[in-house]
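Excluded from the calculations below are hydrogen atoms, water molecules and symmetry mates; all remaining heavy atoms, backbone and side chain alike, are included.
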Amino acid sequence: MAVAIGNKNVGDIVKLRENGALVEFIVIHKGLPPTYYDASCDGVWVLRKLAYPESWKGRKACSSGNYAQSEVKSWLENTYYNMFDSTTKSGIKNVRIPYMYGNKSNATGASGALGHCFMLARSEICDEKQYSNHFCSRLSYFSDCDGNSTEPKRACDYDWFTRDTYIQTDIRNMAYVYKEGNVMSYTGSIESHDINVRPAMILNYNMLVNDDGSVTVNTAPGTPGSISVPGSVQGGTAITVSWSASSDAQGNLEGYKLERSLNGGAWSQIYQGGGTSTTNHVAYGTNTVTYRVKAYDNMGAESGYRTSAAVTVINNTPPGAPQGITVPVNVRGGNPITISWGASSDAENNLAGYELERSVNGGTWAQVFRGAQQSHTDNVTFGWQTVAYRVRAYDAYNAYSGYATSEARAVDNNRPPEIVCAFQSGSDLGIKSGGFSFPYTVNDADNRTGEVTVTENLDGAKKKEFQPELGKENTFTSDGAEFQCLPNGKHTILFSASDGKASCTHTLTFTKSVTSALITLATPMDADDQIEACAVAASGYIPEDAVYRVLVTNNAKDAEPVWEDCTQAVKNGANHIFANKSAENGFAFNFKITVSRGESGAGGFITSVQGGFQ
């Protein structure tokens with residue numbers, strides 16, 4: 001039951017809701033204290049029974065030596081005051097409270113610090129005559145409290161500040177009260193001492209306070225403005241009944257009571273709670289159904305009823321829910337996906353189709369398909385974070401089944417890199433009889449510079465891995481020893497580009513067809529003197545019927561070198577003695593190895609050539 005705060009006695013407990021939690025306050029004074037106070041201070045003074053659970057350091061709380069400019073006062077007015085709801089705040093007076101500043105200077109009466117919440121002064125809780133610098137009057141609750149002695153009325157769960165401040169030399173100080181109830185004089189020792197605050201307030205006399213902490217002048221809520229019932233109700237199904245929210249002058253609306261009448265009979269309550277809608281099952285065989293709703297508050301006051309029209313019930317059973325819904329696990333932004341679902345059954349065999357709905361990013365459901373088929377391809381917009389689908393069946397009477405609902409799928413908005421090449425993926429580059437190369441570029445729509453890795457593979461073996469410069473030309477090359485070591489026949493080139501989340505591939509093929517080879521030194525090897533003999537050895541595999549010839553020269557720098565055949569010496573592993581004894585441009589060594597396939601067509605290879613000369 002609500003009680004006017006003005007009817008409370010000094011020492012009574014008042015409960016107020018602070019940040020929604022019930023907190024006890026002690027009534028410590030009623031009326032305007034004498035001498036030092038502005039008329040705004042006339043009211044019911046209350047003090048938090050326990051300190052607020054936030055500690056302050058002595059200098060931090062009042063770094064200016066001026067309560068009106070202190071951090072703790074700012075916190076009381078801008079943070080603590082806003083912990084109360086608007087109705088409670090309307091009953092808290094905005095007062096001019098006396099305070100101390102500077103070197104024990106006082107501001108009293110209309111010059112006091114303006115605010116709704118404040119700390120008590122030392123002389124308000126002690127015998128003021130003990131202090132030569134008192135600037136306040138002792139409040140009723142503390143009328144029998146001595147100065148520095150331990151007093152149960154001042155006791156708290158934690159040391160707590162008063163609003164007495166002054167500057168002593170270079171130290172800003174605040175007086176405080178030990179949790180046992182004795183008052184601590186000004187001291188600089190509290191600089192690092194954790195001390196809490198016991199907020200005080202002055203309340204209007206006519207403020208109504210309930211035991212649950214709510215502040216009211218209670219009136220009944222307004223009647224809900226409307227009630228909504230589906231125009232077509234299928235017997236044996238659940239329908240949603242909704243109504244508009246009611247207004248309540250005190251803001252203590254508790255909820256709604258919904259009642260139902262079947263076939264024009266008596267009313268029975270089917271719902272009570274804080275929502276503005278509920279589902280209700282209408283039994284098969286019901287002829288008509290009517291609903292009415294009223295609001296109630298936490299004081300038990302109720303509004304009038306808002307009543308719906310009587311709705312005729314169609315006793316057609318709805319279809320069964322579709323047998324599951326399938327959504328691809330991997331969903332990519334900017335790409336289509338296909339959703340499918342199982343068939344529904346219908347007792348009357350009048351199934352008409354299905355409705356598919358979509359929810360993006362956990363938002364409202366929106367219909368994306370209505371029809372008889374059991375699948376639908378939907379376009380997923382780039383940028384969505386999640387997408388979910390649900391489907392239900394409907395019949396010829398628009399009776400709906402329940403939903404089959406998918407899990408929400410995360411949408412992958414990462415776009416894979418792109419490999420751009422003059423040859424489309426899957427192309428055949430044709431027959432290659434020697435080394436070759438071609439350009440390609442790598443792009444990434446998400447511009448993941450430095451995050452894209454390209455791998456070049458030839459016949460499943462990695463050739464190269466690197467991070468390309470996006471949009472710049474790269475070159476694929478297969479020549480030299482690599483190409484020579486490839487067997488004749490079909491070969492596959494595979495590029496892959498990955499940004500760590502998505503990848504793309506580009507595949508090309510070619511056919512190597514090499515039936516002969518020529519190996520020589522690109523630059524002859526100089527000699528200091530006449531080259532008289534040499535030894536040459538070729539490693540690899542050369543079929544027996546291959547046409548194989550090795551030529552050597554010791555005047556390779558002349559315009560027309562003399563080439564001598566040393567094929568047999570190479571086969572026998574023997575040295576070759578040069579017949580030529582002259583060199584116009586100085587003696588220099590080179591060789592030519594030629595090999596071509598024989599009648600068998602068997603292929604071979606040369607992996608290295610070694611040798612020397614003297």
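Closest approach of Pro322 to Gly402, counting heavy atoms only: CD-O, 3.8 Å. Of all heavy-atom pairs between Leu22 and Asp212, the closest is CD1-O, 2.8 Å. Here the closest heavy-atom approach between residue Thr317 and residue Ala347 is recorded as OG1-CB, 3.7 Å. Heavy-atom minimum distance, Pro224 versus Ser303: CD-OG, 3.7 Å. Closest non-hydrogen pair, Pro439 versus Cys421, comes out as O-SG, 3.9 Å. Taking each heavy atom of Gln424 and Leu508 in turn, the nearest pair found is O-CD2, 3.3 Å.
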- Take Trp75 and Tyr52 through the test ring-ring contact (aromatic ring centres under 6.0 Å, His included) and record every step on the way to the result. CA-CA 12 Å; Trp75 177 85; Tyr52 187 85; 5.1 Å; yes
Can you list the steps and then say if Val452 with Gln467 is a side chain to side chain contact (heavy atoms under 4.5 Å, CB included)? CA-CA 6 Å; Val452 176; Gln467 291 182 319; over 6 Å; no
**OP:** Show the numbers, then the answer: is there a side chain to side chain donor-acceptor pair (under 3.5 Å) between Ser375 and Thr338?
**Re:** CA-CA 7 Å; Ser375 65; Thr338 298; over 6 Å; no
Begin with the C-alpha distance, continue with both residues' side-chain angles, and end with the deciding distance and a verdict on side chain to side chain contact (heavy atoms under 4.5 Å, CB included) for Val197 and Trp160. CA-CA 5 Å; Val197 175; Trp160 53 283; over 6 Å; no
Review point. Would Ile227 and Leu258 count as a side chain to side chain contact (heavy atoms under 4.5 Å, CB included) if you check the C-alpha gap in whole Å, the side-chain angles of each, and the deciding distance to 0.1 Å?
Key: CA-CA 10 Å; Ile227 184 169; Leu258 181 69; 4.0 Å; yes
From CA spacing to verdict: side chain to side chain donor-acceptor pair (under 3.5 Å), Glu259, Tyr305: CA-CA 10 Å; Glu259 299 176 357; Tyr305 284 103; 2.9 Å; yes
- [ ] Could you walk me through whether Thr290 and Val311 pass side chain to side chain contact (heavy atoms under 4.5 Å, CB included), step by step?
- [x] CA-CA 6 Å; Thr290 311; Val311 179; over 6 Å; no
*Given side chain to side chain donor-acceptor pair (under 3.5 Å), test Ser340 with Gln374 step by step and report yes or no.*
CA-CA 6 Å; Ser340 60; Gln374 290 176 237; over 6 Å; no
Applying side chain to side chain donor-acceptor pair (under 3.5 Å) to Glu473 and Thr441, what does each step give before you reach the verdict? CA-CA 5 Å; Glu473 188 174 277; Thr441 59; over 6 Å; no
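Considering Tyr394, Tyr403, Tyr400 as possible partners of Glu355, the one that fulfils the side-chain hydrogen bond (donor to acceptor under 3.5 Å, both in side chains) test is Tyr400. Test Asp378, Thr405, Thr326 against Tyr389 for side chain to side chain contact (heavy atoms under 4.5 Å, CB included) and you get one pass: Asp378. Screening Val27, Asp12, Ile26 for a side chain to side chain contact (heavy atoms under 4.5 Å, CB included) with Val46, the sole residue that qualifies is Val27.
Using a 4.5 Å heavy-atom threshold, the side chains of Thr276 and Ser242 count as separate. Using a 4.5 Å heavy-atom cutoff, the side chains of Val23 and Lys49 are not in contact. Within the 4.5 Å cutoff, the side chain of Thr492 has no heavy atoms near those of the Asn457 side chain. Considering only heavy atoms from C-beta on, Leu486 comes within 4.5 Å of Ser478 through its side chain.
No donor-acceptor pair closer than 3.5 Å links the side chain of Asn350 to the backbone N or O of Asp395. A donor-acceptor pair is defined here as one N or O able to donate and one able to accept, closer than 3.5 Å; no such pair exists between the side chain of Asn19 and the backbone of Ala21. Using modelled atom types, one side-chain atom of Tyr256 and one backbone atom of Ser246 make a donor-acceptor pair closer than 3.5 Å. Using modelled atom types, one side-chain atom of Ser308 and one backbone atom of Tyr291 make a donor-acceptor pair closer than 3.5 Å. Looking at Ser244, its side chain does come within 3.5 Å of a backbone N or O of Ser226 through a donor-acceptor pair. Not a single donor-acceptor pair under 3.5 Å links the side chain of Tyr354 to the backbone N or O of Ala372. Between the Thr223 side chain and the Gly304 main chain, a donor and an acceptor come within less than 3.5 Å of each other. Under the 3.5 Å distance criterion, the side-chain polar atoms of Asp446 are left unmatched by any main-chain donor or acceptor of Asp444. Counting only distance, with no hydrogens or angles, the side chain of Arg48 and the backbone of Ala51 share a donor-acceptor pair below 3.5 Å. Asp85 places a side-chain N or O within donor-acceptor distance of the main-chain N or O of Thr87, the cut-off being under 3.5 Å.
Looking at Asp499 and Asn414, their side chains do bring a donor and an acceptor atom within 3.5 Å of each other. Side-chain N/O atoms of Ser277 and Thr240 include no donor and acceptor closer than 3.5 Å.
Taking a 6.0 Å sphere around NZ of Lys490, one finds it holds more than 12 heavy atoms contributed by other residues, nucleotides or ligands. Few gaps surround NZ on Lys257; more than 12 heavy atoms of other groups in view lie less than 6.0 Å from it. Open room surrounds NZ on Lys179; 12 or fewer heavy atoms of other groups in view lie less than 6.0 Å from it. When the shell of 6.0 Å around CD of Gln269 is examined, it contains more than 12 heavy atoms from other residues, nucleotides or ligands. Atom CD1 of Ile431 sits in a sparse spot, with 12 or fewer heavy atoms from other residues, nucleotides or ligands closer than 6.0 Å.
Within the model, atoms CD1 of Ile493 and CG of Leu429 stand 5.5 Å from one another, a figure rounded to the nearest 0.5 Å. Interatomic distance, Phe25 CZ to Arg198 CZ, rounded to the nearest 0.5 Å: 10.5 Å. Distance CG/Asn287 to CD1/Ile314: 12.5 Å, rounded to 0.5 Å. Put simply, OG1 on Thr477 and NZ on Lys463 are 7.0 Å apart, with the number rounded to the nearest 0.5 Å. Ile419 contributes atom CD1, which lies 8.0 Å from atom OG of Ser425 (distance to the nearest 0.5 angstrom). Distance CG/Leu356 to CZ/Arg390: 10.5 Å, rounded to 0.5 Å.
Sorted by first and then second residue, the ring-ring contact (aromatic ring centres under 6.0 Å, His included) pairs involving residues 444-494 (not counting sequence neighbours) are Phe438-Phe476, Phe476-Phe495, His491-Phe510. A side-chain hydrogen bond (donor to acceptor under 3.5 Å, both in side chains) check over residues 230-239, counting only residues at least two apart or in different chains, returns nothing.
Seen from the ring of Phe382, Arg415 counts as a face-on cation partner, given the 6.0 Å and 45° thresholds. Geometrically, Lys89 engages Tyr81 in a cation-pi contact defined by less than 6.0 Å to the ring centre and at most 45° from the axis. Under a cutoff of 6.0 Å and an axis angle of 45°, Arg292 and Trp267 form a cation-pi pair.
Ion pairing of Arg409 with Glu407 is present here, as a side-chain N (NZ or NE/NH1/NH2) and a carboxylate O approach within less than 4.0 Å.
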